[in-house]
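Beneath this line is the structure, given in C-alpha cells, with notes to follow.
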Amino acid sequence: MTRHRHRPRALVVLLAALLAVGLAGCGTENSYGLAARACNHISRSIQLYEQSVKQTDPARAHALASQALAQLRVAMPLATEAAADDGSWQAMMTTLSESSRVPESHLITALKDQCEAVNS
C-alpha cells in the first residue's frame, strides 16, 4: 500500500521537472525578445542624440538629448530583465546602467555593438 502512495508524488516531481525544463527554454526566447525591445529604444535614443548634436538651437538640442536619455531609461529595465534570463545580455545592462554617470556619446559604440547581436 505504501508503494502506491509514492506513485502520485513521483509523477508530480517528474511533471515539475519537465515543466522547469520547458520554461528554461522559453527564458532564452523571452530574453531575446526583451533585448530586442531594449535595442529598439536604444536605436531611437541614438537617433535622437545624433539629432541633438547637430542642432544649432540650444533649447532644441537639450530637448532632443533629454528625449534620448529617456529612451535609454526605458531600455534599462528591459535589458536588466533580459540579463536575468540570459547572462549574455549582461554587457548591455551594464552599459545602460552607466548612462546616469557617463555621457551618451561615450556609450554609443558599445550600445551599437551590443545591439548588433540582436539584429544579426
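Predicted model only: the values in this text are computed from it and were never measured.
For the atom pair Leu72 CG and Leu96 CG, the distance stands at 6.0 Å (nearest 0.5 Å). Interatomic distance, Thr80 OG1 to Gln90 CD, rounded to the nearest 0.5 Å: 8.5 Å. Remark: Gln47 CD to Gln67 CD distance equals 12.0 Å, nearest 0.5 Å. Between the OG1 atom of Thr94 and the CD atom of Gln114 there is a distance of 8.0 Å, given to the nearest 0.5 Å.
Residues Trp89 and Val118 are in side-chain contact: their nearest non-hydrogen atoms beyond the backbone lie under 4.5 Å apart. The closest side-chain heavy-atom distance from Ser100 to Arg73 is below 4.5 Å.
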| message | Between Ile42 and Met92, does the side-chain contact (heavy atoms from CB on, under 4.5 Å) criterion hold? Intermediate values first, please. | response | CA-CA 10 Å; Ile42 289 167; Met92 181 192 300; 4.1 Å; yes

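Under the 3.5 Å distance criterion, the side-chain polar atoms of Ser45 are left unmatched by any main-chain donor or acceptor of His41.
What you find for Ala65 and Ser52 is that their closest heavy atoms are N-CB, 3.6 Å. Shown here for Ala75 and Ala38, the closest heavy-atom pair between the two residues is CB-O, 3.6 Å.
Looking at residues two or more places apart in sequence or on another chain, you find a side-chain contact (heavy atoms from CB on, under 4.5 Å) between Glu81 and Leu34.
Remark: Glu50 engages Lys112 in a salt bridge, criterion side-chain N to carboxylate O under 4.0 Å.
Under the 4.5 Å side-chain heavy-atom criterion for ILVMFWY residues, no single connected hydrophobic cluster contains both Val74 and Ile108. Under the 4.5 Å side-chain heavy-atom criterion for grouping Ile, Leu, Val, Met, Phe, Trp and Tyr, Met93 is not connected to Leu107 through any hydrophobic cluster.
Residues Ser99 and Glu104 bring no donor and acceptor atom of their side chains to less than 3.5 Å of each other.
Taking Ile, Leu, Val, Met, Phe, Trp and Tyr as hydrophobic and joining them when side-chain heavy atoms fall under 4.5 Å apart, one finds Leu48 in a cluster with Leu64.
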